[in-house]
Amino acid sequence: MKTRINGIDIDYRDQGEGLPVVFIHAFPLNQTMWDEQITALRGRCRAITLDLRGFGHSDVPAGPYTMDQMAADVRGLMAALEIDRAVLVGLSMGGYVSLALFRNYPDVMQAMVLADTRASADTHVARERRLGSAEKAERDGASAIADDMIGLLLGRTTLEKRPTVVERIRKMIEANSPQGIAAAQRGMAERRDSTYILAGIDFPTLIVVGDEDTLTPVAEAEALRAGIRGARLEIIDGAGHLSNLEQPEKFNSVLIDFINSLQ
Ligand code: MLT
């Protein structure tokens with residue numbers, strides 16, 4: 001389904017009833033990365049996914065797409081769906097957006113799941129690499145970005161043993177527009193350090209990380225746990241950066257426990 005938010009069409013899915021849980025996808029993917037979670041949560045809550053601007057079936061306006069802009073889009077979707085407060089589940093870039101949502105609209109947060117993400121801004125080197133990757137997307141297309149990223153996004157267990165997951169991620173990346181990929185990279189390069197806001201998080205927070213995640217390793221998840229009062233950390237064995245779709249059963253089990261603890 002599509003709805004007009006902040007001057008663009010945003011594609012979303014809204015399924016089930018009860019506690020609203022909003023899922024925010026990683027870069028450079030789309031909302032279908034949450035399919036296994038939506039299936040597992042059927043009958044337990046109201047699950048909302050969206051394609052962030054520039055991705056999937058949402059519009060691809062001019063960039064850069066800052067985390068604040070993406071957070072405003074999520075806030076706009078919640079308003080359109082008449083949701084005052086929700087559980088936010090963000091993986092990687094989705095976690096950056098969740099933290100921006102908390103910074104800008106703290107009242108909409110009921111609880112949060114931060115998966116395979118970090119609170120810190122990019123280092124100078126990481127920022128330069130991102131800007132180079134944005135240019136590469138525009139010059140060489142989404143397949144070139146898939147070539148660069150698949151080995152980083154997926155853990156060694158998935159790369160060795162689960163070719164269907166590898167293929168699914170490649171297709172998801174290649175279906176995105178190079179302009180959207182570039183605009184999100186430039187937006188992430190601009191993102192602010194969110195470390196200082198962690199101490200203000202006063203709602204239940206679950207942190208999840210794959211033990212084979214090399215992009216946002218376990219040490220980053222431990223730093224998030226240390227910064228957020230009462231946060232719980234779950235480490236998913238045999239998963240890389242995309243822990244939710246590399247080990248969906250383990251991920252779903254910790255997610256369902258957390259959601260049950262809220263109702
Ligand atoms: C993601 O998975 O969303 C990206 O790896 C985030 C990033 O590039 O920092």
Side-chain angles (χ1 to χ4, degrees), residues 23-34 37 49-56 58 63-71 73-74 88-101 113-137 142 144-155 158-159 165-166 168-170 172-174 176 178 180-195 207-210 212-221 223-224 236 239-247 251:
F23 290 84
I24 312 180
H25 67 78
F27 170 89
L29 305 181
N30 66 44
Q31 62 185 321
T32 66
M33 71 167 263
W34 298 113
Q37 283 65 54
T49 60
L50 75 154
D51 286 335
L52 292 166
R53 58 174 57 216
F55 294 96
S58 288
Y65 306 155
T66 62
M67 300 303 100
D68 287 342
Q69 178 63 64
M70 288 188 177
D73 294 341
V74 176
L88 273 297
V89 183
L91 190 141
S92 197
M93 181 175 75
Y96 310 157
V97 175
S98 300
L99 289 170
L101 203 71
V113 180
L114 293 172
D116 302 279
T117 192
R118 57 160 57 87
S120 54
D122 280 356
T123 60
H124 179 70
V125 172
R127 193 171 301 132
E128 291 300 308
R129 203 179 307 125
R130 252 189 225 293
L131 298 178
S133 167
E135 280 177 22
K136 185 171 185 175
I145 301 305
D147 290 343
D148 286 351
M149 290 205 66
I150 283 172
L152 300 171
L153 291 171
L154 297 170
T158 305
L159 290 168
V165 175
V166 179
R168 176 175 166 200
I169 295 304
R170 173 172 290 281
M172 232 187 269
I173 298 175
E174 288 181 347
N176 282 321
I181 292 174
Q185 277 289 34
R186 294 188 177 114
M188 285 192 283
E190 280 182 28
R191 81 183 188 284
R192 290 193 258 169
D193 183 4
S194 293
T195 311
I207 295 153
V208 184
V209 66
E212 299 174 7
D213 186 344
T214 53
L215 281 178
T216 49
V218 172
E220 292 284 359
L224 284 170
I236 309 284
H241 189 59
L242 301 179
S243 57
N244 72 305
L245 50 74
E246 293 185 58
Q247 294 291 347
F251 188 98

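Position 1 is the first residue of the sequence, and the numbers go up from there. These figures come from a predicted structure and were not determined experimentally. What you see below is based on every heavy atom in this structure, not just the backbone, and it leaves out hydrogens, waters and symmetry mates. Just follow the structure's listing: the first ligand is 1, and inside any ligand the first atom is 1.
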I'd like the atom pairs linking ligand 1 to the protein - N or O on both sides, separation under 3.5 Å - with distances to 0.1 Å.
| unit_1 | atom_1 | unit_2 | atom_2 | d |
| --- | --- | --- | --- | --- |
| ligand 1 | 2 (O) | Phe27 | O | 3.3 |
| ligand 1 | 2 (O) | Ser92 | OG | 2.8 |
| ligand 1 | 2 (O) | His241 | NE2 | 2.8 |
| ligand 1 | 3 (O) | Phe27 | N | 2.8 |
| ligand 1 | 3 (O) | Ser92 | OG | 2.9 |
| ligand 1 | 3 (O) | Met93 | N | 2.8 |
| ligand 1 | 5 (O) | His241 | NE2 | 3.4 |
| ligand 1 | 8 (O) | Arg130 | NH1 | 2.9 |
| ligand 1 | 8 (O) | Arg130 | NH2 | 3.4 |
| ligand 1 | 9 (O) | Tyr96 | OH | 2.5 |
| ligand 1 | 9 (O) | Arg130 | NH2 | 2.7 |

Side-chain touch [X]/[Y], heavy atoms, less than 4.5 angstrom:
X: Arg186; Y: Glu135; answer: yes
X: Leu245; Y: Gln37; answer: no
X: Leu153; Y: Ile173; answer: yes

Ring pair (Phe, Tyr, Trp, His ring centres under 6.0 Å) against Phe23, all qualifying residues, sequence neighbours excluded | Trp34
His241: ring pair (Phe, Tyr, Trp, His ring centres under 6.0 Å) partners, not counting sequence neighbours = none
For Thr66, check side chain to side chain contact (heavy atoms under 4.5 Å, CB included) against everything at least two apart and list the hits.
-> Asp68, Gln69, Glu190
